[in-house]
2 protein chains.
Amino acid sequence: MYSEIRPFEEIRTLLAGLPEPCAQSVAEVRRRDALLTKPPGALGRLEDIVEWLAASQARPEPVIERPLVVVFAANHGVVAKGVSAFPSDVTRQMVDNFKSGGAAINQICNAFGAGLKVFELALERPTRDFTQAPAMEEDEVAATIAYGMEAARGADLLIPGEMGIGNTTAAGAIYAALYGGPAARWTGRGTGVDDAGLARKNDAIDAALALHAEYLRDPLEILRRLGGREIAAIMGAILGARLNRIPVILDGYVACAAAALLHAMRPDAIAHCVAGHVSAEGAHAQVLARLGRKPLLDLGMRLGEGSGAAVSLAIVKAALACHRDMATFESAGVSGKSN
Amino acid sequence: MYSEIRPFEEIRTLLAGLPEPCAQSVAEVRRRDALLTKPPGALGRLEDIVEWLAASQARPEPVIERPLVVVFAANHGVVAKGVSAFPSDVTRQMVDNFKSGGAAINQICNAFGAGLKVFELALERPTRDFTQAPAMEEDEVAATIAYGMEAARGADLLIPGEMGIGNTTAAGAIYAALYGGPAARWTGRGTGVDDAGLARKNDAIDAALALHAEYLRDPLEILRRLGGREIAAIMGAILGARLNRIPVILDGYVACAAAALLHAMRPDAIAHCVAGHVSAEGAHAQVLARLGRKPLLDLGMRLGEGSGAAVSLAIVKAALACHRDMATFESAGVSGKSN
């Protein structure tokens, strides 16, 4: 399963040497935008989107020809604490559903011409219950990050998604560790736990925060102790995309835990990422505020799988189509402003 | 240009006999939704969208096979008052741009498989300057509404849009008349007027409110005195869609003036309409609140042409694709909730 081993130090080194957004490509986009047959600024955030694509791809004429959703699936030991409304078996069952084309993300990818790849991360071997011990070992985390880094290969826009019964508990623990507890500030009902289930979820996270308290200043240690393999892989996917100049659309509550960890290590490590949507799960809106990201969509979605971000891909494609294919005032013979 | 004459009384009669949303189709949609491989409610507003389509089409399995954007173009006498940053000639030039495929709306329609039709409403003959006289005659308004009613023919989802230099002034006047002035509460910079232009715009509207004050209790009189042909045609398009069980996505500041007039006559006259986006123009957000509509998108767009609503078509299509094509728990062999 793991293609390569990179200890945490290699990841820190990698973070120190990320390619910068391309200011020259942004300037080219702005130059063309001013010529298009519309009042300046009238396309609002669609105009910003094209600048983000250009900056991230380092192309004055950005392209979206091979957008890709990658879904990482993993299982979580903390499910033993009764934190989810569904059993762990559902992770494997949903992977099969992705593969046979029956999930929401399949339909959204089909609708907008995105590719979909599903990666299983040792489903038969859940992470350890983080109320008892660190969820993972360092070499396992580093190898999973490295694995995720390869996932974007061949894409020109990446949407990392996830599936994992129990993973909103892992994400909630990460947010509480990064931004301060108690758990209840950050958590939601995930796939739909009842009040008792939510209380078990919060108790599990608060217990883990106490158990691991002295190690939670380092985001990579937070990931190792409280996270999950899909979150590590998404972190890798975001990093790999940056290294290969591939813009990223962030999905919701769980996927953003990976972005939040990167952001905590180096705020501009996610400069190539936009927030596809704000999830209805837990305190995702507050997470986005911490990340300085305004979501493209606010539709009350809370499904994971990359689904919210994949819907927002349509907006990104529309933005690029307008910029690329609109006529200019000159070519269309349209008069400019009269005052 | 006008296919038929219908005086205002016929329009009032028509409004009294609109077909109702289909509750049985909504019940069928909910029944199927509960079977799909996702936690209940996890697709958020995507689930509501399918219910709206089913209610409006009166189909338990709604379809979007022929979505259509119709753009009505018209000119406005009040432009003589210096209310716009662009000359009236631009209306015709942009119609040509639509026809040759160079405008933003062309690219968005192409991106999402929507048809586009453009209707010119006597561009060579602007409405009268409403600071001096009613903009239109009753028979002209009624005939334009009737013309608009035919525009949706053959579509299964309709997006009415507009182009008309000066028409944010007409829309602002309608909002001020419906909801209370002064003009400055409702207006924005349109295509980008400077401070002096905005002052002229507000002055023109306030002058018109005073001139026509005693006739502004009737929404159809507001339309006749302060509106424009594209707004009348959009009103007709919304009505025609309702009569033919075609759901409507409302666009922004100008298009919603037509919806607001209908809503003032009968609030549930726009039950088959969702708000595609909230525009950055003027007080569109407050207009949507008055109409009881939460927009699907908030992207700072303010272009008109149906562009914001056309971007939101992607969300509507994704919602329907999920509902129609997702596997059920049973068919996919996915376990249900464990608590």
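Within every chain, numbering begins at 1; the chains are lettered A, B, ... in the order of the sequence lines, protein sequences first and strands thereafter.
Note on B:E120 versus B:R92: salt bridge recorded, some NZ/NE/NH1/NH2 to OD/OE distance being below 4.0 Å. Ion pair A:R30/A:E51 flagged as a salt bridge, since at least one NZ, NE, NH1 or NH2 atom sits closer than 4.0 Å to an Asp/Glu carboxylate oxygen. Between B:R189 and B:D195 there is a salt bridge, with a side-chain nitrogen of the basic residue lying less than 4.0 Å from a carboxylate oxygen of the acidic one. The pair B:K38-B:E47 meets the salt-bridge criterion, since a charged nitrogen lies less than 4.0 angstrom from a carboxylate oxygen.
A:F112 and B:A314 get closest at one heavy-atom pair: CZ-O, 3.3 Å. Contact between B:S88 and B:N75 at its shortest, heavy atoms only, is O-OD1, 3.5 Å. The minimum heavy-atom distance linking A:I249 with A:S312 is given by the pair CG2-OG, 3.4 Å. Nearest heavy atoms, A:G102 versus A:Q107: C-NE2, 3.6 Å.
Contact annotation for B:D96: neither backbone nor side-chain heavy atoms come within less than 4.5 Å of a heavy atom of chain A. Both the backbone and the side chain of B:L296 come within contact range of chain A, judged by heavy atoms closer than 4.5 Å. Contact of A:L299 with chain B is made through backbone and side chain together, with heavy-atom distances under 4.5 Å. In this structure, no portion of B:S100 lies under 4.5 Å from any heavy atom of chain A. Looking at B:F98, there are no atoms closer than 4.5 Å to chain A (heavy atoms on both sides), in backbone or side chain. Proximity to chain A involves both the backbone and the side chain of B:V334, based on heavy atoms less than 4.5 angstrom apart. When heavy atoms are compared at a cutoff of 4.5 Å, B:L43 approaches chain A by way of both its backbone and its side chain. Contact of B:A104 with chain A is made through backbone and side chain together, with heavy-atom distances under 4.5 Å. For a residue to count as touching a neighbouring chain, one of its non-hydrogen atoms must lie under 4.5 Å from one of that chain's; by this rule B:K317 does not touch chain A.
Heavy-atom pairs under 4.5 Å with chain A peak, among B:R302, B:M301, B:R324, B:R45, at B:R302. Counting heavy-atom pairs under 4.5 Å between each of B:T328, B:L36, B:N97 and chain A puts B:N97 at the top. Between chain A and the options B:G44, B:A42, B:A310, the largest number of non-hydrogen pairs under 4.5 Å is found for B:A42. Note: B:I315 leads B:I315, B:I105, B:D298, B:I49 in heavy-atom pairs under 4.5 Å with chain A. Heavy-atom pairs under 4.5 Å with chain B were tallied for A:D89, A:N106, A:L46; the largest tally goes to A:L46. Highest contact tally toward chain B, considering only A:K294, A:H323, A:M326, is held by A:M326 [criterion: heavy-atom pairs under 4.5 Å].
Under the 3.5 Å distance criterion, the side-chain polar atoms of A:T91 are matched with a main-chain donor or acceptor of A:I165.
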Residue pair A:K201, A:E281: steps toward the salt bridge (charged side-chain N to carboxylate O under 4.0 Å, His left out) verdict: CA-CA 14 Å; A:K201 181 175 183 170; A:E281 174 65 14; 3.7 Å; yes

